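Below is one structure, written out as structure tokens; the observations come after it.
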Amino acid sequence: MGYRMRPKKSLSQNFLVNDFAAKRIVDSLDLKEDEIVLEIGPGKGALTRHLVKKSKRVIGVEIDKNLCKFLEDKFKDKRNLIVVNKDVLKINLDDFASRDDKIKIVGNLPYKITSPVLSLLLDKKDLIKQCVLMVQKEVAERLCAELGTKNWSSLSVAVQLYSDVKMLFRLKPTSFFPPPKVFSKVIKMVFLKKPRVKIEDEKFFLKVVKASFAQRRKTILNSLSSNLGLEKSVVLLALNKAKIDPKRRAESLSLEEFGELGVRRNFVL
Ligand code: SAM
């Protein structure tokens with residue numbers, strides 16, 4: 001197509017120009033012929049061109065109207081591609097998948113919306129088999145972090161509670177046009193059939209996890225009491241019930257320990 005489009009910074013438009021990496025990302029999805037894949041932000045189709053060869057149906061959700069026209073034109077002979085001109089944060093995943101017919105998700109994520117996209121994916125985990133996502137290096141390191149390291153964070157806990165997450169490879173800024181200021185990493189998340197630890201009240205659990213990490217250099221006692229706005233005596237009791245030493249710090253607490261701690265009834269005197 002003839003028209004030129006200046007990449008929009010506001011939409012994190014850094015297009016992948018490394019086809020070897022594009023192929024590697026798509027291969028990592030292990031697509032079977034009868035599987036449906038949803039691509040977040042297909043852009044100019046760097047991943048899409050490989051996806052349409054491997055999947056029964058590709059749903060590309062792209063916010064930029066001009067890029068949608070570009071994609072429709074570029075792939076006009078591909079009947080298995082549906083381009084949806086929408087903000088991915090406003091789509092209803094239930095329109096494309098069900099618990100019995102789960103989908104796979106792929107995307108070189110627009111950096112600006114990485115957090116809300118991850119929340120959306122976690123929210124709709126029952127409809128998703130797995131995701132292969134390119135994110136900023138630092139985010140990838142938090143997603144895949146191990147207990148006790150500086151990257152172990154509320155994001156690591158929230159994501160690892162529901163999925164096996166693994167780092168695949170790194171991409172230099174020069175793999176994109178225009179090159180972003182940061183390095184990127186590709187990660188794969190495979191959702192588990194059930195959460196790694198049993199959670200009664202997910203919202204409360206996540207609130208406790210966030211509060212624990214909010215001031216990570218403080219002890220878990222001080223961090224929880226100041227960030228949950230609770231008397232130390234209440235927090236002490238909760239820590240006691242979960243058999244956690246109040247002097248420990250959030251980064252030393254395992255998922256299982258957060259599971260024991262993040263229970264609403266623990267925090268009642
Ligand atoms: N997948 C392409 C590639 O690898 O070259 C483009 C990746 S680029 C980093 C991000 C893409 O997401 C852009 O095409 C941008 O227009 C699109 N985008 C940004 N915000 C979006 C949103 N809220 N919903 C859907 N697409 C969005």
Side-chain angles (χ1 to χ4, degrees), residues 1 3-29 31 37-55 57-75 78 80-93 95-97 103-124 128 131-140 143 168-188:
M1 164 151 299
Y3 52 83
R4 281 176 160 262
M5 284 166 293
R6 189 189 287 259
K8 298 187 181 85
K9 214 172 166 186
S10 61
L11 294 178
S12 312
Q13 289 181 351
N14 303 97
F15 300 110
L16 188 63
V17 289
N18 174 343
D19 192 49
F20 178 74
K23 194 165 177 316
R24 207 166 156 195
I25 291 173
V26 173
D27 285 346
S28 314
L29 273 170
L31 278 168
V37 60
L38 184 141
E39 184 183 1
I40 300 175
K44 292 185 175 179
L47 301 179
T48 327
R49 63 186 282 264
H50 296 289
L51 291 170
V52 289
K53 287 184 212 153
K54 297 208 157 188
S55 164
R57 186 171 312 140
V58 181
I59 302 151
V61 183
E62 172 57 63
I63 199 169
D64 186 324
K65 206 166 153 189
N66 289 333
L67 283 176
C68 287
K69 281 190 206 141
F70 176 90
L71 287 163
E72 274 161 4
D73 192 59
K74 180 168 176 174
F75 296 107
K78 298 286 180 212
N80 57 339
L81 172 67
I82 302 169
V83 179
V84 180
N85 182 203
K86 253 191 162 171
D87 178 347
V88 70
L89 300 174
K90 296 195 178 133
I91 59 161
N92 186 2
L93 221 50
D95 292 344
F96 306 107
I103 49 169
K104 291 187 171 176
I105 306 245
V106 68
N108 286 345
L109 290 193
Y111 292 132
K112 292 201 175 137
I113 56 163
T114 303
S115 294
V117 167
L118 289 172
S119 303
L120 175 101
L121 299 179
L122 287 178
D123 226 40
K124 294 289 177 183
I128 306 170
C131 312
V132 173
L133 306 172
M134 192 212 66
V135 295
Q136 191 173 326
K137 173 178 163 276
E138 289 72 17
V139 176
L143 289 169
L168 298 184
F169 58 94
R170 190 180 81 139
L171 279 168
K172 289 183 185 165
T174 48
S175 288
F176 302 88
F177 182 80
K181 291 202 174 70
V182 293
F183 277 77
S184 307
K185 282 193 169 177
V186 179
I187 60 111
K188 178 167 177 169

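What you see is a predicted model, and the numbers here were worked out from it, not measured in a lab. Just the heavy atoms: all of them, side chains too, but no hydrogens, waters or symmetry mates, feed the values below. Read the numbers this way: they start at 1 and go in the same order the structure lists the ligands and their atoms.
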TODO: May I ask you to list the atoms of ligand 1 that are less than 4.0 angstrom from any heavy atom of Asn108?
DONE: 3 (C), 4 (O), 7 (C), 9 (C), 10 (C)

Open item on the list: Can you tell me how far apart OG1 (Thr114) and CG (Leu133) are? Round to the nearest 0.5 Å.
Closed with: 9.0 Å

Task: Proximal ligand 1 atoms for Leu67, defined as those under 4.0 Å from one of its heavy atoms - done: 14 (O), 16 (O)

Task: Which residue and heavy atom of the protein sit nearest atom 20 (N) of ligand 1, plus the separation - done: Pro110 CG, 3.7 Å

Task: Atoms of ligand 1 close to Gln13 [distance to a heavy atom under 4.0 angstrom, numbered from 1] - done: 13 (C), 15 (C), 16 (O)

Open item on the list: Give me the nearest non-hydrogen protein atom to atom 27 (C) of ligand 1 as residue plus atom name, then the distance to 0.1 Å.
Closed with: Ile63 CG2, 3.5 Å

Open item on the list: Any side-chain to backbone donor/acceptor pair from Lys44 onto Leu67? Under 3.5 Å, distance only.
Closed with: no

Open item on the list: Check contact between Leu89 and ligand 1, using heavy atoms of the residue and a distance below 4.0 angstrom.
Closed with: no

Open item on the list: Taking 4.0 angstrom as the limit and counting only heavy atoms of Phe15, give me the atoms of ligand 1 inside it, by number and element.
Closed with: 5 (O), 6 (C), 14 (O)

Open item on the list: If we set the cut-off at 4.0 Å for heavy atoms, which region of Glu39 has an atom near ligand 1: side chain, backbone, both, or neither?
Closed with: side chain

Task: Contacting atoms of ligand 1, where contact means under 4.0 angstrom from a heavy atom of Val61 - done: 25 (C), 26 (N)

Open item on the list: How close do Leu47 and Glu39 get, counting heavy atoms only, and between which atoms?
Closed with: CB-OE2, 3.5 Å

Task: Heteroatom proximity flag, Asp64 to ligand 1, N/O under 3.5 Å - done: no

Open item on the list: Distance under 4.0 Å to a non-hydrogen atom of Asp87: what atoms of ligand 1 satisfy this?
Closed with: 22 (C), 23 (N), 24 (N)

Open item on the list: Side chains of Val83 and Thr48, heavy atoms from C-beta outward: is any pair under 4.5 Å?
Closed with: no

- [ ] For atom 19 (C) of ligand 1, grab the closest protein heavy atom and report residue, atom and distance to one decimal in Å.
- [x] Leu11 O, 3.2 Å

Open item on the list: Please check: side-chain N/O of Gln136 versus main-chain N/O of Ser184, any donor-acceptor pairing under 3.5 Å?
Closed with: no

TODO: Verify the distance criterion only: is there a donor paired with an acceptor across the side chains of His50 and Asp19 at less than 3.5 Å?
DONE: yes

Open item on the list: Can you report which non-hydrogen protein atom sits closest to atom 24 (N) of ligand 1, along with the distance?
Closed with: Val88 N, 2.9 Å

Open item on the list: At under 4.0 Å between heavy atoms, is it the side chain or the backbone of Ser12 that contacts ligand 1, or both, or neither?
Closed with: backbone

- [ ] Find out whether Leu38 and Lys104 are in side-chain contact, i.e. whether some heavy atom of one side chain is under 4.5 Å from a heavy atom of the other.
- [x] no

Open item on the list: Please work out, at 4.0 Å between heavy atoms, whether the side chain, the backbone, both, or neither of Ile113 comes within that distance of ligand 1.
Closed with: side chain

Task: Heavy-atom nearest option to atom 1 (N) of ligand 1, drawn from Gly43, Gly41, Ser10 - done: Gly41

Open item on the list: Checking contacts here: is it the side chain or the backbone of Ile40 that comes within 4.0 Å of ligand 1, counting heavy atoms only? Could be both or neither.
Closed with: neither

Task: Heavy-atom side-chain contact between Met134 and Tyr111 under 4.5 Å - done: yes

Open item on the list: Within ligand 1, which atoms have a heavy atom of Pro42 less than 4.0 Å away?
Closed with: 1 (N), 2 (C)

Open item on the list: Are there over 12 heavy-atom neighbours, none belonging to Lys112, within less than 6.0 Å of that residue's NZ?
Closed with: yes

Open item on the list: So is Lys86 touching ligand 1 or not, going by heavy atoms under 4.0 Å?
Closed with: yes

Task: For the student: nearest non-hydrogen atoms of Cys131 and Leu121, plus distance - done: SG-CD1, 4.0 Å

- [ ] Using the ring of Phe75 (Phe, Tyr or Trp, six-membered ring only), decide whether Arg49 places NZ or CZ under 6.0 Å from its centre and within 45 degrees of its axis.
- [x] no

TODO: Tell me which protein heavy atom sits closest to atom 5 (O) of ligand 1, plus the residue, atom name and distance to 0.1 Å.
DONE: Leu16 N, 2.8 Å

Task: Where ligand 1 meets Asn14 - atom numbers and elements under 4.0 angstrom, heavy-atom basis - done: 7 (C), 8 (S), 9 (C)

Task: N or O pair under 3.5 Å between Lys44 and ligand 1 - done: no

Open item on the list: With a cutoff of 4.0 Å, is Met134 in contact with ligand 1, counting heavy atoms of the residue only?
Closed with: no

Open item on the list: Can you confirm whether Ile105 sits close enough to Leu29 that some side-chain heavy atom of one is under 4.5 Å from a side-chain heavy atom of the other?
Closed with: no

Open item on the list: Between Gln13 and Asp64, do the side chains contain a donor N or O and an acceptor N or O under 3.5 Å apart?
Closed with: yes

- [ ] For ligand 1, find out whether one of its N or O atoms is nearer than 3.5 Å to an N or O atom of Glu62.
- [x] yes

- [ ] Using a cut-off of 6.0 Å, state whether more than 12 heavy atoms not belonging to Lys23 lie near its atom NZ.
- [x] no

